[in-house]
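What follows is a set of notes on a single structure, which appears directly below.
Given the structure is predicted, the values throughout are model-derived calculations rather than measurements. Both backbone and side-chain heavy atoms feed into the values below; hydrogens, waters and symmetry mates do not.
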Amino acid sequence: MSDQPLSPSTPELLQAAVTALGGAERPGQVAMANAVTKAMDSGRHLAVQAGTGTGKSLAYLVPAIRHAQATGTSVVVSTATIALQRQLVERDLPRLADALEPLLQRRPTFAIQKGRNNYVCLHKLSVPEDAPEALIEEDDISWLGRHVKRVNEWAQETETGDRDDLEPGVPDLAWRQVSVTSNECLGATRCPHGEDCFAELARERTRDVDVVVTNHALLAIDALSDADILPEHAITVIDEAHELDGRITSVATNEISARALTLASRRADKLGAKKGELEGVVDDFTAAIDLEEPGRWENISDTARTGFVAVRDAVWRTREAIARGPEGEAANQPETFAERENLKNHLEDLHDAVVRILGVFDEDDPAKHTDVVWLTRSERHGDSVAVAPLSVSGLLRERLFAEQTVVLTSATLNIGGNFNAMAAAWGLPDGTWDSLDAGTPFHPRSSGILYTARHLPAPGRDGLAPETLDEIAELITAAGGRTLGLFSSRRAAEQAAEAMKKRLPFDILVQGEDSTGALVEKFAASENVCLFGTLTLWQGVDVPGRSLSLVLIDRIPFPRPDDPLLQARSKAADAAGRSGFMEVSATHAALLMAQGAGRLLRSVDDKGVVAVLDSRLVTKRYGSYLRRSLPDFWETTDPQVVRGALRRLVAR
């Protein structure tokens, strides 16, 4: 018999972790941990819905650590938000390592991997300014300069160089002065500071660890590119998986504009490319898009096509000239080399965008288009043409699910009563995946009410109706403040806030008045405050206790009908004999409503109401699909019943 101890089972490790952290066993957490273990051992993909309070982080981290130590390979955990990444790396994983170390052959290890531009660049800081700072009076240092100076001082002390460790932070504009993208980087071997590079040191820390924490964007780049961005791994856990489709789509989208061409032309001229090569086709590009209508393009004129061909060829000739570069001493200057490499990569992106755009219109059958092209007109930013995949399911199927075992989890995956909508969006191959609804330790039916204001007029385009504003005032009054208002537009949120400030004795906070984090803190600190906002408040707001008893949703959050990408996806579904409305619009709305309704119950003692001020939730056929996507609240359409319930909560 071997002297090697048998590896503890997942239930044993989970129990040790929960005990060490002072928690209690949760059946949903145990079920999820066992399902994740089975998926990792069997190589089958898994989708898990784990409601608030399930403890899903431990339910996948424990099996991940066990699998990594048994196989000697890393497990990648990808999240959509910085908040969850920090929670995993700064709280969950350190505590878990302490708890599991006595049961394992070695202490569990972990590291975080972010994009290069999240780290301060020592080389960029070392490049001298045109005028030495010592010659500049303190009062003359610009607002931007003061931020850069503070980062420079911090860079001499920090061990990580990670932007998230800089407190207080600095604006994006300032951070761009002290960081580089992967395209701008000189490379560790060419850079004078390569040995001390924070980004390289962070990447080095991910080698041979049990768990690598990253984000969906970096996961997408790793999956879609031929280069290995993340460490070698065979298992990926995707938390906040409801965001995966959108993040992958964003990474796979290209864009081109006259402004981008003009700026590239100026940079190319400074590097010795043929004078005016790109500048000469900016007019061609502008003329091409002036002939077309804004929104989605399904066809373009021959003149526009000719203009794009001219742009494509000029961009590629310029790229080739830049790639050849100067000879002699100038070729070895680090700054010149970095700028040449950066511009070369940028020109390749612009070229690829035009190639993709032309590729759409080279296909005779519009039904076979795999990309969507649209024109956005903007007086402020200039007109631009974007091209995005009609669906990312094929990309994910080939580049992610075919290459490794994937566990996908979120509090909202069970849309319309099953996992099929999300599985289709991700491209999970039939017969290769299992699903689990791990439930929640909360009791939505006895703790929450879903109230639909059936008597209100259907939402229109002219803002909130007077009857709707009356309903909002009456509900907030009954709740004693304590309301999170989730609105479909900034205009609606501001209209409601302005009206309520005149009618109610409660403080009304509105998104945009301060940072979202600061507003949520003010809201959570008092029982007599309301917070109104739009999309970012529908997800991630965690306010347990008496500060939140009412979640208001002004209307079903269908996507904008003029969204070119969703419009194209809907049309493609209709052409294939499916319902584009249900597959795209209703699924989009169901996912957001589930996220919004999930703001209500954040602890086992929470009680309250989700009030939907859109009668279509109970009067339209698709309403039942949307309601099946929400927690199993007790339902009513009686305003007297819901106001009474809210008043009783205030009196508790």
Side-chain angles (χ1 to χ4, degrees), residues 81-83 168-169 171-172 380 451 453 456-457 459-560 589 591-602 606 608-614 642-643 646 649-650:
T81 61
I82 292 174
D172 289 346
R380 180 177 179 184
Y451 164 60
L456 292 179
R461 297 183 179 180
D462 299 325
L464 301 173
E467 299 94 326
T468 301
L469 292 172
D470 290 341
E471 184 78 19
I472 292 173
E474 289 166 359
L475 287 168
I476 293 176
T477 298
R482 309 195 297 179
T483 298
L484 176 64
L486 303 178
F487 293 87
S488 55
S489 68
R490 179 175 295 275
R491 176 188 171 198
E494 292 174 348
Q495 180 192 358
E498 184 179 352
M500 295 308 111
K501 286 177 180 179
K502 296 175 181 176
R503 298 170 65 166
L504 300 176
F506 309 113
D507 290 334
I508 310 290
L509 306 176
V510 186
Q511 189 176 6
E513 293 176 338
D514 202 339
S515 70
T516 300
L519 290 172
V520 172
E521 284 183 16
K522 292 177 186 176
F523 175 58
S526 173
E527 292 184 25
N528 301 116
V529 174
C530 301
L531 174 57
F532 291 179
T534 55
L535 190 59
T536 53
L537 294 186
W538 288 67
Q539 306 180 68
V541 174
D542 188 6
V543 181
R546 292 177 59 86
S547 293
L548 175 53
S549 296
L550 173 62
V551 174
L552 278 173
I553 297 176
D554 71 323
R555 64 190 298 162
I556 297 170
F558 290 122
R560 289 173 47 133
L591 192 57
L592 264 182
M593 287 195 73
Q595 286 287 317
R599 301 311 98 209
L600 182 66
L601 304 180
R602 308 302 297 179
D606 284 352
V609 171
V610 173
V612 180
L613 310 182
D614 189 336
V642 79
R643 287 177 210 153
L646 287 169
L649 284 177
V650 174

Legend entry - Worked check of side-chain contact (heavy atoms from CB on, under 4.5 Å) between Val609 and Leu475: CA-CA 10 Å; Val609 171; Leu475 287 168; 5.9 Å; no
Inset, instruction - Mark yes or no for whether Ser526, through its side chain, and Asn528, through its backbone, hold a donor-acceptor pair below 3.5 Å. - result: yes
Inset, instruction - Look up atom CG in Leu519 and atom CD in Glu521, then write down how far apart they are to the nearest 0.5 Å. - result: 9.5 Å
Legend entry - Gln511 (side chain) donor-acceptor with Thr534 (main chain) under 3.5 angstrom: yes
Inset, instruction - Evaluate the side-chain contact (heavy atoms from CB on, under 4.5 Å) criterion for residues Leu552 and Ile476: first the C-alpha distance (whole Å), next the side-chain angles of each, then the deciding distance (0.1 Å), finally the verdict. - result: CA-CA 9 Å; Leu552 278 173; Ile476 293 176; 4.2 Å; yes
Legend entry - Gln495 side-chain N/O to Leu464 backbone N/O, donor-acceptor pair under 3.5 Å: yes
Inset, instruction - Any chance you could measure Leu649, atom CG, to Leu550, atom CG, to the nearest 0.5 Å? - result: 10.0 Å
Legend entry - Between CH2 on residue Trp538 and CG on residue Leu591, distance to nearest 0.5 Å: 11.0 Å
Inset, instruction - Measure the spacing between CG of Leu486 and CG of Leu613 and express it to the nearest 0.5 Å. - result: 10.5 Å
Inset, instruction - Before giving the answer on side-chain contact (heavy atoms from CB on, under 4.5 Å), spell out for Leu535 and Leu592 the whole-Å C-alpha distance, their side-chain angles and the decisive distance to 0.1 Å. - result: CA-CA 9 Å; Leu535 190 59; Leu592 264 182; 3.6 Å; yes
Legend entry - Test item: Arg599 side-chain N/O and Val610 main-chain N/O as donor-acceptor pair under 3.5 Å: no
Legend entry - Distance-minimising heavy-atom pair for Lys501 and Ile508: CE-O, 3.4 Å
Inset, instruction - For residues Ala499 and Leu469, report the shortest heavy-atom separation together with the two atoms involved. - result: CB-CD2, 4.1 Å
Inset, instruction - Kindly compute the distance separating CG (Leu537) from CZ (Phe487), expressed to the nearest 0.5 Å. - result: 10.5 Å
Legend entry - For the student: nearest non-hydrogen atoms of Arg503 and Ala473, plus distance: NH2-CB, 4.0 Å
Inset, instruction - May I have the step-by-step check of salt bridge (charged side-chain N to carboxylate O under 4.0 Å, His left out) for Asp514 and Lys522, ending in yes or no? - result: CA-CA 10 Å; Asp514 202 339; Lys522 292 177 186 176; 3.6 Å; yes
Legend entry - Approximate separation, where rounding is to 0.5 Å, of Asp614 CG and Met593 CE: 7.5 Å
Legend entry - Check: Val650 main-chain N/O paired with Arg546 side-chain donor or acceptor under 3.5 Å: yes
Inset, instruction - Using a cut-off of 6.0 Å, state whether more than 12 heavy atoms not belonging to Glu467 lie near its atom CD. - result: yes
Inset, instruction - Please confirm whether the backbone N or O of Gly481 pairs with a side-chain atom of Thr483, one donor and one acceptor, at under 3.5 Å? - result: yes
